[in-house]
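First up is the structure itself, then whatever we jot down about it.
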Amino acid sequence: LSTMGGNIHVGKVAAFAHLKTMGGNIEIDQANASIDAVSMGGNITIDKADGAVKASTMGGNVTLHLVAGSEGSSSAPHDVELTSTGGDVELTVPKSFPMDVQVTLAYTKTASKTYRIDSNVGLTQNTSGEWDYSEGTPRKYIRAQGRVGSGSNHVVIKTVNGDVIIKQE
């Protein structure tokens, strides 16, 4: 599904879905398969996802609630890649979800607030010391990494000027 300037709302995805909008929000109520969602200017919200997820937005928040590992869940890999430029990224996973996590949060010199990585999964964090000018706008980085269980699912999160929140439930 694609649109040049409107929202996309899908109730249930039973097989692979590729969703793209040039200027709207993407919302998925339930996904029992892999998702690839791209918005050039809106929020992406995926609830009750049981599959691999790749979600990227250039101007909004990304919210993903994985149900992988719960009763009746698919045994397929549940790799996750979430990217936002100018927005927050929030990931909720089951307590038993095995994952290897890599987070990169960049914040620019002109940012209006202090950004953070908030997680209850035991990530190790470090902050760069000097301003990096290689991307044009001077920025510093907060990076976090960690492993839960076997680490069999790869979770990569990147954002610029946004918070990252990872929760287990």
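Just so it is clear, the structure is predicted and the values come from calculations on it, not from any experiment.
Follow the hydrophobic side-chain contacts under 4.5 Å out from Val156 and you never reach Ile165; the two are in separate clusters. By the rule that hydrophobic residues join a cluster once side-chain heavy atoms approach within less than 4.5 Å of another member, Phe16 and Ile28 end up as members of separate clusters. No single ILVMFWY cluster, assembled from side-chain heavy atoms under 4.5 Å apart, contains both Val89 and Val160. In the hydrophobic cluster analysis, where Ile, Leu, Val, Met, Phe, Trp and Tyr join through side-chain heavy atoms closer than 4.5 angstrom, Val101 is grouped together with Tyr115. Under the 4.5 Å side-chain contact rule for hydrophobic residues, Val53 and Val121 share a cluster.
Side-chain atoms of Thr159 never come within 3.5 Å of backbone atoms of Leu105 as a donor-acceptor pair (strictly under, hydrogens ignored). Between the side chain of Asn61 and the backbone N or O of Asp88, at least one donor-acceptor pair lies under 3.5 Å. Remark: side-chain polar atoms of Asn7 are paired, donor with acceptor, to backbone N or O of Asn25 under 3.5 angstrom. No donor-acceptor pair closer than 3.5 Å links the side chain of Thr21 to the backbone N or O of Ser39.
Here the closest non-hydrogen pair linking Thr114 and Asp163 is O-OD1, 4.3 Å. For the pair Asn153 and Pro98, the tightest heavy-atom approach, listed with the atom from each and the gap, is ND2-O, 2.8 Å. Residues Asp47 and His65 share a closest heavy-atom pair of OD1-ND1, 3.1 Å.
There is no side-chain donor-acceptor pair under 3.5 Å between His154 and Asp79.
To the nearest 0.5 Å, atom CD of residue Glu130 and atom NZ of residue Lys140 are 7.0 Å apart. Between atom CG of residue Leu123 and atom CZ of residue Arg147 there is a gap of 12.5 Å, rounded to the nearest 0.5 Å. Taken to the nearest 0.5 Å, the OG1 atom of Thr127 stands 7.0 Å off from the CD atom of Gln125. To the nearest 0.5 Å, atoms NZ (Lys113) and CG (Asn161) are separated by 9.5 Å. In this structure, NZ in Lys95 is found 9.0 Å from CD in Glu169, a value given to the nearest 0.5 Å. Here NZ of Lys48 is found 10.5 Å from CG of Asn32. Values are rounded to the nearest 0.5 Å.
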Test side-chain contact (heavy atoms from CB on, under 4.5 Å) on Lys167 and Glu90 and set out the steps. CA-CA 8 Å; Lys167 301 183 284 191; Glu90 183 173 334; 2.9 Å; yes
Go through the steps for Asp29 and Lys12 under the test side-chain contact (heavy atoms from CB on, under 4.5 Å), then give the verdict. CA-CA 6 Å; Asp29 296 334; Lys12 184 175 183 179; over 6 Å; no
Please step through salt bridge (Lys or Arg N to Asp or Glu O under 4.0 Å) for the pair Lys158 and Glu81, ending with a clear verdict. CA-CA 8 Å; Lys158 298 177 183 176; Glu81 184 178 334; 5.8 Å; no
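Between Val93 and Val148, every side-chain heavy-atom pair lies at or beyond the 4.5 Å cut-off. Contact of the Tyr141 side chain with the Thr104 side chain is registered, since non-hydrogen atoms from C-beta on lie closer than 4.5 Å. In this structure, the side chains of Thr137 and Lys109 stay at 4.5 Å or more apart for every pair of heavy atoms.
Of the options Thr57, Ile46, Leu64, a side-chain contact (heavy atoms from CB on, under 4.5 Å) to Leu82 is made by Leu64 and by none of the others. When each of Val155, Thr92, Val80 is checked for a side-chain contact (heavy atoms from CB on, under 4.5 Å) with Leu66, only Val80 meets the rule.
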